[in-house]
Visitor: 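Provided herewith is a single structure, encoded as structure tokens, for subsequent inquiry.
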Protein chains: 2
Amino acid sequence: MTTDNKGKKNGTGDKKSLTPQRTVARLALYRRMLLHSKEEGKKTIYSHELGEILGINPPQVRRDLMEVGFEGHPRRGYEIDGLLTRLDVYFGMDQGLRMVLVGVGNLGRALLNYFVGKQAHIAIEAAFDKDPAKVGRAIGGCHCYSLEQLPALVASQGIHVGIIAVPAAEAQKAADLLVKAGVRGLVNLAPAWLRVPPSVFVEDIDITLSIEKVGYFAKMFSQPREAK
Amino acid sequence: MTTDNKGKKNGTGDKKSLTPQRTVARLALYRRMLLHSKEEGKKTIYSHELGEILGINPPQVRRDLMEVGFEGHPRRGYEIDGLLTRLDVYFGMDQGLRMVLVGVGNLGRALLNYFVGKQAHIAIEAAFDKDPAKVGRAIGGCHCYSLEQLPALVASQGIHVGIIAVPAAEAQKAADLLVKAGVRGLVNLAPAWLRVPPSVFVEDIDITLSIEKVGYFAKMFSQPREAK
DNA sequence: TGTTAGCTGTGAAATATATCACAACACTAT
DNA sequence: ATAGTGTTGTGATATATTTCACAGCTAACA
């Protein structure tokens, strides 16, 4: 169907036009669902199919897909293969999403075990820890380096994303190190608010906060859900 | 959200009026910050102090605090002790936030090690796993039971919140079990969309999705940050 | 060749959320 | 006392996000 892609709205439209965070999150959900549908042998999918399992209504889905510039066909839906490759490019996964991890404690190890090997498109290339006992060993299939080696490794490997899994008190130091080394995005698992330059994106995953949130809503009977 | 979410409004105070999710998340942040300030010996705090470290602007902070019905004093700010106890009640922490964990894999163990003992107001009372090798042992200071024992234990202990840390394929089964046992809130760490009755609140923590999101924004230079 | 049904793309409306602006007030200094 | 300063509480406003509603396209079928 013909749609002119020009005139990307998004707020102030300075620099590059960025997709809103919510939309990006939903797009990642769609991608997962598409992979699943593809495995089942489906070739095309409708916006309402994509939406109903994820609790998102169809016009929302269509708007989101418009955002990545992918068009469907009336009465036929969206072609799965094409949409998937488009999304892979969109998320920068066409060459694989390569990251480093700082902090090899319990949580860091859990992440290594989860991602190394299992998730094809996501790779943790190296881990770093300040504990000399861990440095030099391979943990969960990933080599552990000292923090001093971080800048050179991140730069030479062209890594753009860092995961912070250190105690809160050391999170800022880790962030500074990663940012200085050239990372453009951070996944912060420490319960701390990081100060970074505006050119670096931070996604906070704060399990304690999430639990407290659930504590409130569990107390208050019910609550309509929302896809995040 | 399985079928319908129509008609559910939040505006007018029928029954209990629920706070928006975003507000609740910020309130949890304030609480952490207040604890920190209290440790430093502060007695009162201003909305702009609370806001600046968290990247939230002062009127927003004041509105949020209005939500819990706590009033400050012009020129003196908010009394820290009073606000903290108010928030504790608000989050249902006055008697402690007690939970159970389903799934004692890498991630489950990481959570146990993190929460058992360390976080005073949050307690994981019991862990459950289907692996007979784990059942009966104490892992990370928490006893591991078989899944069959879950309903009785949750009911008798009056647990309201469950944490799901099983593989995606088993997440729905775990959720069903917990809901049937009477849980009102779930923290879901599995990459799966859970179907639960509308009386149960689900908070999804999906690390893969978060990483993919960062992948996008890291590719696109910068992005203004937002407190979540 | 109609003709019908069903899906997409999108302007417009509705809703949710955040920010601004300022009156009212409380403390301090004089 | 009184003036001056700085902070709260909140109506009004602005922005962001979602949903609605429907025109227009496409396939299937008579």
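Each chain gets a letter, A, B and so on, in the order the sequences are listed, and its residues count up from 1.
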Visitor: Rounded off to whole Å, could you give me the CG-to-P distance for the A:Leu50 and C:dT8 pair?
Guide: 10 Å
Visitor: For B:Tyr46 and D:dT8, what is the distance between atoms OH and C1' respectively, to the nearest whole Å?
Guide: 11 Å
Visitor: For B:Leu65 and D:dT7, give me the distance from atom CG to atom P, rounded to whole Å.
Guide: 15 Å
Visitor: Just wondering, are more than 12 heavy atoms of other shown residues or ligands nearer than 6.0 Å to CD in B:Glu71?
Guide: no
Visitor: Can you tell me the distance, in whole Å, between the CZ atom of B:Arg75 and the P atom of D:dT8?
Guide: 11 Å
Visitor: Should B:Leu186 and B:Glu203 count as side-chain neighbours, where that means a heavy-atom distance under 4.5 Å?
Guide: no
Visitor: With a 4.5 Å cut-off on side-chain heavy atoms, are B:Gln60 and B:Arg26 touching?
Guide: yes
Visitor: Can you tell me how the ring of A:Tyr216 sits relative to the ring of B:Tyr90, calling it parallel under 30°, perpendicular over 60° and tilted otherwise?
Guide: parallel
Visitor: For C:dT8 and A:Arg62 - does any side-chain N or O of the residue sit under 4.0 Å from the phosphate oxygens OP1/OP2?
Guide: yes
Visitor: Could you tell me the separation between the CG atom of B:Asn57 and the P atom of D:dT8, rounded to a whole number of Å?
Guide: 13 Å
Visitor: May I ask you to say what B:Arg76 touches in the nucleic acid, namely base, sugar-phosphate or nothing, with a heavy-atom cut-off under 4.0 Å?
Guide: sugar-phosphate
Visitor: Once you apply a heavy-atom cut-off of 4.0 Å, does A:Ser47 come out as touching a base, just sugar-phosphate, or nothing?
Guide: sugar-phosphate
